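This report concerns only the one structure given below.
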Amino acid sequence: MAKNNQAKLFGGEKSDSSDYSAKDIEVLEGLEPVRKRPGMYIGGTDERAYHHLFAEVLDNCVDEAVAGHASRIDVSLEAEGMLTVRDDGRGIPIDAHPKFKNKSALEVIMTMLHSGGKFSNKAYQTAGGLHGVGISVVNALSDEMVVEVARDRKLYRQTYSRGKPTSKLSPVGAAPNRRGTQISFHPDPEIFGDKLHFKPARLYAMARSKAYLSRAAEIRWSCDPKLIKEGDTTPAEAVLSYPNGLADMLKELTTETKVVLPDPFTGRVENQGGGAVEWAVVWSANGFGEADGFARTYCNTIPTPEGGTHEAGMRSALTKGLRAYGEMIGNKKTGLVTAEDVMGTAGALLSVFIRNPEFVGQTKEKLSTQDAFRITENAMRDRFDHWLTASTANATRLLEWAIGQAEDRMRKRKDKEVARQSATRKLRLPGKLADCSDSSAQGTELFIVEGDSAGGSAKQARDRATQAVLPLRGKILNVASAGDEKLSGNKELSDLATALGTGIGHRFRVEDLRYERIVIMTDADVDGAHIAALLITFFFRQTPGLIEAGRLYLAMPPLYRISHGSKSAYARDDAHKDELLATEFKGKKPDIGRFKGLGEMMPAQLKETTMNHKTRTMARVSLPSSIKTVEDLVETLMGKKPELRFKFIQDNAKFIDELDV
Ligand code: 0RA
């Protein structure tokens with residue numbers, strides 16, 4: 001529609017200016033805002049923005065070529081820094097503008113910001129990013145601009161400075177064999193400063209990539225040789241014509257590439273509406289310089305570095321096509337292949353031409369037009385299927401390459417997973433913790449033991465699947481009186497907090513405990529009782545809810561072993577020993593051995609008496625209701641007389657049914 005409308009709007013042979021109507025004229029605005037805030041329109045005032053002015057002018061000419069009206073574009077950079085871009089298209093309309101009776105259409109185009117696309121030649125209007133802001137923005141930011149239009153066998157000219165006409169649009173001579181538009185401009189030093197200049201190499205690269213994308217146009221490049229510095233390989237003159245379009249561009253980009261298949265997959269599909277899809281794809285066995293793969297995509301010759309719907313269509317076509325081929329030939333590993341495996345080592349160029357594209361993203365460099373997915377996928381899928389079946393040897397090689405990529409990917413993921421797991425385990429858990437292998441808390445126990453030698457026995461005596469052992473060294477800090485700062489500096493206690501898997505203090509959540517039960521296992525003597533008391537205080541203070549939830553236990557290692565002949569028994573304390581001597585060993589003279597500490601017990605004995613839940617005795621810690629505060633507890637547990645402490649533990653640790661634990 002845009003194309004027909006424009007033909008009508010701007011006269012030409014078939015229409016007249018009476019076709020203009022108010023609705024055709026979108027909101028127009030003067031150029032003051034552009035000079036006030038250039039960054040808003042061209043993304044800054046740096047070297048990139050400076051060169052973007054060229055892109056803006058060139059795009060207009062390329063659009064004219066893409067629409068089929070022009071076939072040649074000339075770019076020339078003069079010694080004084082004036083840049084000229086000319087095409088052989090229809091020429092910007094010079095007739096009077098219907099709304100602004102005293103202004104030509106050309107002057108409106110050059111001096112007004114356009115919100116709509118009606119006053120451009122853009123059948124394939126590109127609204128992406130900074131592109132398509134219009135020639136008027138370039139005019140606003142140029143201290144000098146000259147526009148020449150060859151139309152109706154006459155040559156017209158108008159000059160501008162900083163967005164304002166400095167002469168009337170007037171015929172300056174005959175142009176019997178010529179039509180088209182020529183724009184010369186020089187960026188305004190008031191905006192860009194006097195340090196910036198056009199760089200020939202940069203302009204040349206921009207012109208060349210446009211030439212690859214628009215096979216309709218031949219771009220002729222010329223540059224004053226004085227501007228080409230030593231060492232710069234930019235030619236002074238060149239004809240940039242690439243009849244094979246993206247295939248030529250890909251060849252240029254992949255001269256060093258070791259390819260998987262001898263030929264790239266290339267093609268172009270045009271549809272009735274004038275839209276088109278063009279691509280060139282190669283697979284590399286050793287990457288493309290820095291990257292394993294790349295995808296450079298374009299919409300209406302404008303780069304879309306963030307990809308979008310057209311790129312997704314390409315990925316889908318290539319992935320589904322290769323998988324369909326694999327299934328057809330019955331390759332069982334075909335199912336492993338994902339888009340990542342197909343595209344990860346591909347160098348892909350894609351250029352689509354669609355009407356009224358829409359762009360999204362931070363810099364509006366991502367195509368969002370939904371139709372572009374379907375159009376691209378259909379075009380490429382059909383050709384890819386044919387391409388694969390035309391050479392089954394190559395198709396099979398590509399399939400096997402992709403399967404190799406999939407296997408690599410899965411192996412790497414597995415390695416990474418293993419590395420991550422062991423890294424987090426090491427990172428999170430203290431080194432001296434012998435963790436259990438069961439990963440869920442249910443049915444597991446953490447034994448906190450005093451000293452390394454007891455820790456060693458406990459590690460041998462435990463059930464590896466469900467029982468973890470954390471040895472604590474030395475006398476732990478008197479946590480009851482320590483401030484939080486001191487507490488967090490205590491290595492033994494911070495290891496304990498880490499092993500618990502919960503934070504301590506206000507961060508503690510009993511649901512996060514890594515174990516079902518926490519068991520304090522200390523020697524059955526006064527020192528052991530002291531350490532147990534310190535730990536109970538720690539838990540009372542730093543793990544609110546743990547004791548109430550019944551998750552804290554005291555192991556009950558025996559103090560004596562009594563044996564006579566083949567008969568043996570263990571006694572928890574003196575009273576228990578006396579009881580056993582008066583009953584089980586009545587009238588006998590048994591051997592009575594006293595354990596000096598857990599470390600002295602054989603692992604098998606420790607297992608039987610203290611750790612194996614089928615044979616052990618264990619106590620659940622529960623606090624009498626008289627204890628309300630840490631002070632109450634400390635008073636009871638840490639009083640001057642150690643016997644009292646031991647008694648408290650004995651009294652308050654209620655023996656629980658073996659079957660319970
Ligand atoms: C508006 C309408 C028409 C062409 C153009 C603008 C146009 C602009 C530029 C900028 C550089 N080269 C250009 N070529 C054309 C359509 C004119 C018609 O229908 O005759």
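Quantities reported herein were computed from a predicted structural model and do not represent experimental measurements. Read the numbers this way: they start at 1 and go in the same order the structure lists the ligands and their atoms.
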**Q.** side-chain contact (heavy atoms from CB on, under 4.5 Å), paired with Phe353, selected from Val277, Asn271, Asn300
**A.** Asn300
Q) Would you say Gly89 contacts ligand 1, with heavy atoms under 4.0 Å as the rule? A) no
Q. Taking NZ, NE, NH1 and NH2 as the nitrogens, is one of them in Asp46 or Arg48 under 4.0 Å from a carboxylate oxygen of the other?
A. no
Q: Could you tell me whether Arg86 and Glu148 make a salt bridge, using a distance below 4.0 angstrom between a side-chain N and a carboxylate O?
A: no
Q) Going by the order shown, which atoms of ligand 1 are within less than 4.0 Å of some heavy atom of Asn60? A) 10 (C), 11 (C)
(Q) Please work out, at 4.0 Å between heavy atoms, whether the side chain, the backbone, both, or neither of Ile135 comes within that distance of ligand 1. (A) neither
Q: With heavy atoms of Asp87 as the reference, note each atom of ligand 1 found under 4.0 Å away.
A: 11 (C), 12 (N), 13 (C), 14 (N)
(Q) Out of all atoms in ligand 1, which are within 4.0 Å of some heavy atom of Arg151? Include the element for each. (A) 17 (C), 18 (C), 20 (O)
Q: Might you confirm whether atom CD of Glu78 has over 12 heavy atoms from other residues, nucleotides or ligands at distances under 6.0 Å?
A: yes
Q) Under 6.0 Å between the ring centres of Phe265 and Trp283? A) no
